[in-house]
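Please read the structure below before turning to the comments.
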Amino acid sequence: MRRLLSPRWIAGHLLALATVVAFTSFGFWQLDRHSQKREIKQDAEAAAVVPAVPLAGLDGEGAFRVVDAEGTYDTGAEVLVLRSQDLASGYLVLTPLVLADGSAVLVERGWVPLDYDEPPVAEAAPPAGTVRVTGQLWPAEEDGVPDEAPSVMRRID
């Protein structure tokens, strides 16, 4: 009986109990996160089949809507985001599309290999002048876009 009440035995069991509680909590967190991601995917898929609407005509929430926008690309603010595609490393090219009212939306224009690591990517230059794009609008970041963003990023958070 004395052995069962030794500090080492009690500490070992408390550690095991804390581990079980932590792992159980992490498991429920993973299930909740999976559910959240599934909802986002379902919302995006449902919105993708609805006809496109003008970006300027959206009032309030436009998350995942298919929109049309017209403007000019600002390659001076282009950003590259590290991303792999078909087992090859490279970058997504994100270029702001400046709208008539002066606001801008970030347009994912495609993927380039790692060799093109300096924005603006001349080999993947956007068309000059006014363009019309149609794409799916994703929610804005809560903190917004920083004034001084690096030209090459590991990820979009």
Side-chain angles (χ1 to χ4, degrees), residues 18-157:
T19 302
V20 167
V21 169
F23 283 7
T24 302
S25 296
F26 290 145
F28 282 115
W29 172 79
Q30 283 185 329
L31 288 172
D32 185 50
R33 186 69 182 127
H34 174 70
S35 177
Q36 290 172 1
K37 285 187 172 189
R38 188 176 342 157
E39 284 180 30
I40 291 170
K41 183 179 178 187
Q42 288 171 345
D43 290 347
E45 288 173 349
V49 298
V50 176
V53 297
L55 179 61
L58 285 180
D59 53 347
E61 288 298 311
F64 309 116
R65 291 292 310 264
V66 177
V67 296
D68 288 323
E70 193 171 298
T72 56
Y73 283 113
D74 178 8
T75 56
E78 192 167 85
V79 176
L80 301 178
V81 180
L82 192 59
R83 194 76 60 187
S84 63
Q85 178 175 306
D86 298 329
L87 301 177
S89 295
Y91 299 101
L92 288 178
V93 180
L94 304 176
T95 310
L97 181 72
V98 180
L99 308 174
D101 65 1
S103 64
V105 292
L106 202 54
V107 176
E108 179 187 319
R109 294 191 312 102
W111 182 89
V112 294
L114 280 177
D115 299 340
Y116 307 123
D117 60 352
E118 278 296 319
V121 179
E123 293 80 3
T130 302
V131 295
R132 181 178 204 84
V133 296
T134 300
Q136 194 169 26
L137 189 63
W138 281 72
E141 298 291 330
E142 289 181 18
D143 296 335
V145 179
D147 292 334
E148 294 290 324
S151 59
V152 177
M153 294 187 263
R154 289 188 157 284
R155 65 188 173 102
I156 302 172
D157 190 2

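Every heavy atom of this structure was used, including side-chain atoms; hydrogens, water molecules and symmetry mates were not. Predicted model, so just to flag it, every value in this text is computed and none were measured.
- Side chain of Glu70 to backbone of Arg132: no donor-acceptor contact under 3.5 angstrom is found.
- The distance from atom CH2 of Trp111 to atom OG of Ser89, rounded to the nearest 0.5 Å, is 7.5 Å.
- Panel note: side chain Asp101, backbone Ser103; a donor-acceptor pair is recorded below 3.5 Å.
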Full working for side chain to side chain contact (heavy atoms under 4.5 Å, CB included) between Val53 and Arg65:
CA-CA 8 Å; Val53 297; Arg65 291 292 310 264; 3.0 Å; yes
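- Of the possible donor and acceptor atoms, none in the side chain of Ser35 sits under 3.5 Å from a partner among the backbone N and O of Leu31.
- Side-chain atoms of Leu114 and Leu82, non-hydrogen and from C-beta on, do get closer than 4.5 Å to each other.
- The distance from atom CG of Leu97 to atom OG1 of Thr72, rounded to the nearest 0.5 Å, is 6.5 Å.
- A donor-acceptor contact closer than 3.5 angstrom is absent between the side chains of Gln30 and Arg33.
- Between Tyr116 and Leu80, the closest side-chain pair of non-hydrogen atoms is not below 4.5 Å.
- Glu78 places a side-chain N or O within donor-acceptor distance of the main-chain N or O of Val121, the cut-off being under 3.5 Å.
- We find the CG-CG distance between Leu137 and Leu106 to be 11.0 Å, quoted to the nearest 0.5 Å.
- Scanning both residues, Thr95 and Val93, for their nearest heavy atoms gives OG1-CG1, 3.8 Å.
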What do the steps show when you test Val66 against Val50 for side chain to side chain contact (heavy atoms under 4.5 Å, CB included), and what is the final call?
CA-CA 7 Å; Val66 177; Val50 176; over 6 Å; no
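- The heavy-atom pair separating Leu92 from Glu108 by the smallest distance is CD2-OE2, 3.6 Å.
- No side-chain heavy atom of Tyr91 sits under 4.5 Å from any side-chain heavy atom of Val81.
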